Structure formats: structure tokens, C-alpha cells
A.B. asks: 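For reference, the structure I am asking about is given below.
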Amino acid sequence: MSLLQVSKLEAFYGASQALFGVDLEIAEGELVALMGRNGMGKTTTVRAITRMLRTTRGEISFDGRDLSVLPSFRAARLGIGLAPEGRRCFANLSVNENLMASARPGPWDIGKVTELFPRLGERMDQSAATLSGGEQQMLAISRALMTNPRLLILDEATEGLAPVVRQEIWAAIARLKQGGQSILVIDKGFSELRAVADRCVILARGETVWTGTPAGLTREVETEFLGV
Ligand code: ATP
């Protein structure tokens, strides 16, 4: 059974329709890349899954439960951890306070996240506002992990970071996958995504237009849907 099954999902921002039929499936332990050009509905899909945005049609089944009827705080409790686009840590709180604010019982704790990101361990008492962009991103991922999610969602986790820091984040993502974590990733680093993804789902104009393995992402598919 899949952990997450999204089918024919539709959603609006006010009167303007943003999703027209998104299909997306994630099996337990799988890493799925959600791809597509700018503005095609990737972040909106994440908002719909995490119930930040109400959906009008379609199904979201998570761990066998229908999420389409739940408000967002319940979705988080069911086990979806999101590191959102733009990071959104509490700027005035320390690293430690940021982590503790999202902690829920489970194997992930401060010790485990600082093992994954040793740099955070050295900055526990520093306010989040004083971290570098890469460290803030590590904190955002760690905050999501501290919720002990069944599904981790990373929306643009390497955006705007220096290549060497991006590599650190990708290495952490690979480690999480090796540990059996189910992950949905949105990122502009196609080659890194291809290397780590089990499957890729491509959106165009708010609709799923292609699903397959990274090996199936031919030049033709990339040209048609990703513009590379
Ligand atoms: P990007 O890579 O640029 O973030 P995306 O694939 O994540 O792109 P979305 O951010 O989901 O795309 O946007 C999908 C569509 O919904 C776009 O047409 C966008 O303009 C619109 N949209 C996104 N957020 C809002 C909002 N808060 N209010 C109204 N329209 C929005």
C-alpha cells in the first residue's frame, strides 16, 4: 500500500484554479521528485497535501486515511513533516528552541539531527537569524525531522545555496533515504534529483503530465516538460 496517494487533485487560490488534476504516489521508503517548470503547481501541491490550502476535488490518502477533509494541524500530527520553501524558522529563537518547538516523540531528537548536521550542534544557542543560508536550511530540515514524520517534504531545500553547501544537503538527503525515510523533494538541481530519486513526477499547468523512473527521463521528456 502506498504511504501517500494523491489522485485527480484540484485546488484554487480564491477564484483562480491552480491545480487541475495532480496524481502522485509515494510508497513507504521511497524518494519521489516532484518536478516541473516555474509556476506549474509544485508548491501548491505541497500546500494541498499539508492542508495549508483547501482542495475542491480529488483524493489525498495518507497512510490509508483521507486527508482531504482534515485541517493542517491534524495532517502534521498524522506524520507529514515539511521543510517549506523559504525555510521559515523562528528568527528570534535559538537553534535549540527552534528544534524543541517542533519536537514530537520518536527516534529523531536533538542528538540525531546534530549527527546529521554537525554544524547545527555547534550553534545551538545562536539565534536562527544569525545563521548562514545553508545553516538555516539545515535547521528547516531538522525542524521537520524533529516532528518524526512518516513523510518528509523538502520544498527547494538547496535554493540559493553555494555549491558546497548544496552538496552537504544532498548528502544528508541521501543518508535519510538510506535510513528508510519516505521523502518528497522539489528542487531545481535536476542531476542531483536524478541521482537520488526512485521516481519522478512532472507537473505542467497544475496537472501531472509524466511519471517514471529517472532512467526514463529522456532528453525528449526534459525538453517537453522541464525546458532544459
Ligand atoms: P516555483 O518553482 O516557481 O515555486 P511551482 O511549480 O511551485 O513554481 P506554484 O508556486 O505552486 O508553482 O504556483 C502554481 C500557480 O499558482 C502559479 O500560477 C502561481 O502564480 C499561482 N499561485 C501560487 N501561490 C499563489 C497564491 N498565494 N495566490 C494566488 N496564486 C498563487
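For clarity, every value in this text was computed on a predicted model and none was experimentally measured. For ligands, and for the atoms within them, numbers begin at 1 and follow the listed sequence. The basis for the numbers below is simple: all heavy atoms, side chains too, and nothing from hydrogens, waters or symmetry mates.
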A.B. asks: For Met40, counting its heavy atoms only, list the atoms of ligand 1 lying under 4.0 Å from any of them.
C.D. replies: 5 (P), 6 (O), 12 (O)
A.B. asks: I'd like to check which ligand 1 atoms, numbered from 1 as shown, lie under 4.0 Å from a non-hydrogen atom of Arg47.
C.D. replies: 24 (N)
A.B. asks: Check this for me: does any side-chain nitrogen of one of Arg150 and Glu28 sit under 4.0 Å from a carboxylate oxygen of the other?
C.D. replies: yes
A.B. asks: Give a yes or no on whether a salt bridge exists between Glu85 and Lys42, defined as a side-chain N under 4.0 angstrom from a carboxylate O.
C.D. replies: no
A.B. asks: Going by heavy atoms, is Gly39 under 4.0 Å from ligand 1?
C.D. replies: yes
A.B. asks: Closest by any non-hydrogen atom to atom 9 (P) of ligand 1: pick that one out of Ile186, Leu203, Leu53, Thr44.
C.D. replies: Thr44
A.B. asks: As an exercise, identify every atom of ligand 1 less than 4.0 angstrom from a heavy atom of Ala18.
C.D. replies: 16 (O)
A.B. asks: Quick check on Gly41 - does any of its heavy atoms sit under 4.0 Å from an atom of ligand 1?
C.D. replies: yes
A.B. asks: Given Gln17, Lys42, Met35, Arg205, which has its nearest heavy atom closest to atom 6 (O) of ligand 1?
C.D. replies: Lys42
A.B. asks: Could Glu192 and Arg166 be called an ion pair, given the rule that one side-chain N must be under 4.0 Å from one carboxylate O?
C.D. replies: no
A.B. asks: Do the side chain of Glu222 and the main chain of Arg219 share a donor and acceptor less than 3.5 angstrom apart?
C.D. replies: no
A.B. asks: Closer than 4.0 angstrom, basic N to acidic O: yes or no for Lys188 and Glu156?
C.D. replies: yes
A.B. asks: Side-chain heavy atoms under 4.5 angstrom apart, residues restricted to Ile, Leu, Val, Met, Phe, Trp, Tyr: same cluster for Leu139 and Val165?
C.D. replies: yes
A.B. asks: Taking only heavy atoms of Thr43, which atoms of ligand 1 are found under 4.0 Å from at least one of them?
C.D. replies: 4 (O), 5 (P), 7 (O), 10 (O), 11 (O)
A.B. asks: Under 4.0 Å and counting heavy atoms only, is there anything from the protein next to atom 19 (C) of ligand 1?
C.D. replies: no
A.B. asks: With a cut-off of 6.0 Å (strictly less than), are more than 12 heavy atoms of other residues, nucleotides or ligands near CZ of Arg199?
C.D. replies: yes
